[in-house]
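Computation of the quantities below employed the complete heavy-atom set of this structure, encompassing side-chain atoms and omitting hydrogens, waters and symmetry-equivalent molecules.
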Amino acid sequence: MSSATSLPLTDPALAELLTGRLSLVEERLRDAVAHADTLADDASRHLVNAGGKRLRPLLTLLAAELGDGARREVLDAAVVVELTHLASLYHDDVMDSAPVRRGAPAAHEVWGNQVAILTGDLLFARASVMVAGLGPEAVRIQATTFERLCLGQLHETVGPAAGEDPVEFYLQVLADKTASLVATSARFGAMFAGCRPDAVQIVTSFGEKVGVAFQLADDVIDLTSDASVTGKTPGTDLREHVPTMPVLLLRRRASSPEGTEAERDLVAMLDGDLSSDEDLARAVAALRTHPVVEDTRAQAIALVQAAVAELDPLPAGPVKDALVSFAESLVDRAS
């Protein structure tokens with residue numbers, strides 16, 4: 001299949017159809033971020049021009065093929081979910097002090113934190129305008145999704161309360177911060193393609209599980225990626241002391257009666273200053289060979305298998321096969 005979707009599809013007709021529709025989404029996305037104000041226009045286009053996988057609009061278009069995927073509302077919904085995702089990235093990069101996004105300087109590195117945050121707000125506003133044209137139910141779903149995005153970011157920022165299981169807490173953060181929008185992407189596609197309510201619920205549950213698996217796979221990639229291929233320095237989350245599943249599993253093991261001195265030393269290293277490239281590389285090398293990385297990958301695989309099982313009631317065919325490929329490709333990135 002065309003790299004436009006980066007999804008391995010075995011049905012040439014479906015591949016061609018989705019590639020063409022994703023190109024339309026891309027055109028409409030660029031129109032949607034345009035502003036008469038020069039600063040707003042430049043800042044809003046920044047991440048759109050940087051590219052991206054467009055996984056969320058792709059899922060919207062793919063789920064819509066369970067019904068009438070040619071409806072105008074489907075394209076509008078695909079633009080809405082990507083605008084929402086882009087808006088959240090502007091905010092996330094400020095909160096995480098991320099210097100790079102998609103191979104380009106993060107917006108706050110170019111214009112400062114305030115402009116980056118306000119640009120994210122502008123994109124949320126544009127998404128709201130578009131979703132308003134899709135009707136009250138779409139507005140309600142979008143608002144609920146936005147609420148979950150904010151709660152996920154809030155909870156990630158403050159961390160678990162005393163007595164809360166950090167691993168379960170983290171999984172809920174991922175469900176809110178990442179999976180909520182993936183689920184809505186699938187839901188909008190089936191909903192606006194005129195699918196039956198049971199089919200809409202199936203793809204929504206599928207998207208929720210896939211979204212968490214996607215982020216767990218990213219946790220693995222952050223430790224195992226090749227910077228020359230991904231353009232991302234391994235261990236970025238470690239350097240910023242952002243909680244990830246491998247680190248949380250390591251902490252759990254180190255604090256248990258079975259924990260080893262080496263594991264406790266590794267936790268101490270991860271809690272230390274990792275600002276130098278040498279210290280970061282040493283921490284990444286120590287953690288990437290620990291079993292917790294494979295445990296995280298196994299969690300992602302199990303979630304993908306559960307997501308695929310959600311699709312069982314759907315009729316066999318190229319669309320169902322493509323949804324399975326969509327799910328499996330997210331975890332394959334971490335292999």
Side-chain angles (χ1 to χ4, degrees), residues 5-7 18 22 25 29 47 52-66 74 76-89 91-92 102 123-124 127 131 138 140-153 155-156 170-193 195 199-221 245 299-311 314 319-320 322-334:
T5 60
S6 65
L7 178 65
L18 290 178
L22 199 59
V25 170
L29 184 63
L47 282 186
K53 299 181 182 68
R54 308 293 191 240
L55 291 176
R56 290 155 191 82
L58 170 59
L59 181 55
T60 299
L61 298 176
L62 182 52
E65 287 307 300
L66 294 168
V74 171
D76 287 347
V79 175
V80 165
V81 296
E82 186 64 10
L83 274 176
T84 304
H85 174 57
L86 289 172
S88 72
L89 295 183
H91 291 178
D92 287 356
R102 296 177 174 174
L123 294 184
F124 277 127
V131 81
R140 185 191 65 79
I141 293 169
Q142 174 75 355
T144 302
T145 304
F146 189 27
E147 180 183 29
R148 289 187 65 190
L149 290 173
C150 293
L151 283 173
Q153 187 68 61
H155 291 154
E156 181 181 62
Y170 181 64
L171 287 171
Q172 185 59 53
V173 166
L174 298 189
D176 289 333
K177 184 180 173 183
T178 300
S180 62
L181 186 56
V182 177
T184 293
S185 300
R187 183 178 186 177
F188 274 171
M191 190 172 105
F192 289 114
C195 293
V200 175
Q201 182 55 54
I202 285 169
V203 297
T204 303
S205 299
F206 166 83
E208 185 84 15
K209 291 180 173 63
V210 163
V212 177
F214 175 80
Q215 191 58 60
L216 290 175
D218 262 11
D219 287 354
V220 173
I221 292 169
M245 185 58 75
Q299 283 190 39
I301 291 171
L303 273 167
V304 163
Q305 291 171 341
V308 169
E310 294 279 359
L311 303 176
L314 296 181
V319 177
K320 183 175 181 178
L323 286 168
V324 172
S325 294
F326 181 92
E328 293 176 344
S329 68
L330 299 183
V331 174
D332 288 345
R333 300 172 307 129

Pair V212-L171, side-chain contact (heavy atoms from CB on, under 4.5 Å): steps then yes or no: CA-CA 7 Å; V212 177; L171 287 171; 4.1 Å; yes

From CA spacing to verdict: side-chain contact (heavy atoms from CB on, under 4.5 Å), L61, E65: CA-CA 7 Å; L61 298 176; E65 287 307 300; over 6 Å; no

Counterpart residues, side-chain hydrogen bond (donor to acceptor under 3.5 Å, both in side chains), relative to S180 (two or more places apart): none

side-chain hydrogen bond (donor to acceptor under 3.5 Å, both in side chains) partners for D176, two or more places apart: R148, Q172

Gap separating the CD atom of Q142 from the CZ atom of R187, nearest 0.5 angstrom: 11.5 Å

For the student: nearest non-hydrogen atoms of A87 and L123, plus distance: CB-CB, 3.6 Å

Distance-minimising heavy-atom pair for V331 and A300: CG2-O, 3.8 Å

Side chains of T204 and E208, donor plus acceptor under 3.5 Å: no

Where V74 and A193 come nearest, the two heavy atoms and their spacing: CG2-N, 4.0 Å

side-chain contact (heavy atoms from CB on, under 4.5 Å) between F214 and L174, intermediate numbers included: CA-CA 9 Å; F214 175 80; L174 298 189; over 6 Å; no

Inter-residue atom distance L323.CG - E310.CD, 0.5 Å rounding: 12.0 Å

Exercise: identify the closest heavy-atom pair between A63 and A186: CB-O, 3.5 Å

Set of side-chain hydrogen bond (donor to acceptor under 3.5 Å, both in side chains) partners for T184, sequence neighbours left out: T145

L58 side, atom CG; L18 side, atom CG - distance, nearest 0.5 Å: 6.5 Å

All ring pair (Phe, Tyr, Trp, His ring centres under 6.0 Å) counterparts of F124, not counting sequence neighbours: H91, F146

For I202, all residues meeting side chain to side chain contact (heavy atoms under 4.5 Å, CB included), sequence neighbours excluded: L311, P313, L314

Separation between CD of E328 and OG of S325, rounded to the nearest 0.5 Å: 6.0 Å

Non-hydrogen atoms of P57 and A78 that approach each other most closely: CB-O, 3.5 Å

Residues that F188 engages under ring pair (Phe, Tyr, Trp, His ring centres under 6.0 Å), provided they are two or more places apart: F192

T60 side chain to S185 backbone, donor-acceptor under 3.5 Å: yes

Verdict with reasoning, T84 to L149, per side-chain contact (heavy atoms from CB on, under 4.5 Å): CA-CA 10 Å; T84 304; L149 290 173; 3.8 Å; yes

Exercise: identify the closest heavy-atom pair between A327 and V304: O-CG2, 3.6 Å

From CG (L22) to CG (L29), nearest 0.5 Å: 10.0 Å

L59 side, atom CG; E82 side, atom CD - distance, nearest 0.5 Å: 12.0 Å

